[in-house]
Peer 1: 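Handing you this structure, nothing more for now.
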Amino acid sequence: MPNVPSDAPRRITMRRKGPLLVEGPVEVELEDGTTVRSDRFRVALCTCRRSRRYPWCDTSHRDRA
């Protein structure tokens with residue numbers, strides 16, 4: 001995603017006991033250097049690492065909340 005002056009900033013919504021909600025589409029670079037992409041208008045990024053679909057949130061955090 002190029003960073004040019006005409007690009008509007010992405011909005012990220014933080015939740016205390018939940019995922020990061022990011023306005024999409026997004027590309028996420030993982031620790032191993034691979035990149036995953038979502039074209040959805042909003043994505044939920046897992047912050048607890050319990051998701052079976054990591055880095056996307058699958059609401060696994062609710063089991064222990």
Side-chain angles (χ1 to χ4, degrees):
M1 290 184 285
N3 188 13
V4 294
S6 62
D7 284 348
R10 298 275 183 216
R11 180 176 302 262
I12 299 174
T13 305
M14 299 177 72
R15 304 285 183 210
R16 183 176 300 269
K17 293 185 178 181
L20 290 176
L21 302 176
V22 183
E23 290 183 4
V26 297
E27 287 184 352
V28 178
E29 184 176 332
L30 303 176
E31 292 176 274
D32 65 3
T34 60
T35 302
V36 293
R37 179 177 172 82
S38 175
D39 291 323
R40 296 179 62 128
F41 70 94
R42 182 175 299 140
V43 296
L45 295 176
C46 176
T47 58
C48 70
R49 294 193 174 246
R50 294 183 191 128
S51 175
R52 292 185 264 338
R53 299 187 61 231
Y54 188 82
W56 318 121
C57 179
D58 66 1
T59 68
S60 293
H61 61 272
R62 293 180 184 169
D63 293 340
R64 296 187 188 166

Peer 1: So, taking the atom named SG in Cys57 and the one named CZ in Arg50, what distance separates them when rounded to the nearest 0.5 Å?
Peer 2: 10.5 Å
Peer 1: Does Arg49 come within less than 4.0 Å of Glu31, counting only side-chain N to carboxylate O?
Peer 2: yes
Peer 1: Going only through I, L, V, M, F, W and Y residues with side-chain contacts under 4.5 Å, is there a path from Ile12 to Val26?
Peer 2: yes
Peer 1: If we only count heavy atoms from C-beta on, is the Arg37 to Pro25 side-chain gap below 4.5 Å?
Peer 2: yes
Peer 1: Quick one, Val22 with Leu45, criterion side-chain contact (heavy atoms from CB on, under 4.5 Å). Give me CA distance, side-chain angles, the key distance, then yes/no.
Peer 2: CA-CA 7 Å; Val22 183; Leu45 295 176; 3.7 Å; yes
Peer 1: Looking at Thr35 and Val28, would you say the former's side chain and the latter's main chain have a donor-acceptor pair under 3.5 Å?
Peer 2: no
Peer 1: If you measure from CD on Glu27 to OG on Ser38, what distance do you get to the nearest 0.5 Å?
Peer 2: 10.5 Å
Peer 1: Could you tell me whether Asp58 and Arg52 have a side-chain N and a carboxylate O separated by less than 4.0 Å?
Peer 2: yes
Peer 1: Inspect the contact between Glu23 and Arg42 and indicate whether a charged nitrogen and a carboxylate oxygen are less than 4.0 angstrom apart.
Peer 2: no
Peer 1: Can you tell which of Leu20, Leu21, Thr47 makes a side chain to side chain contact (heavy atoms under 4.5 Å, CB included) with Met14?
Peer 2: Leu20
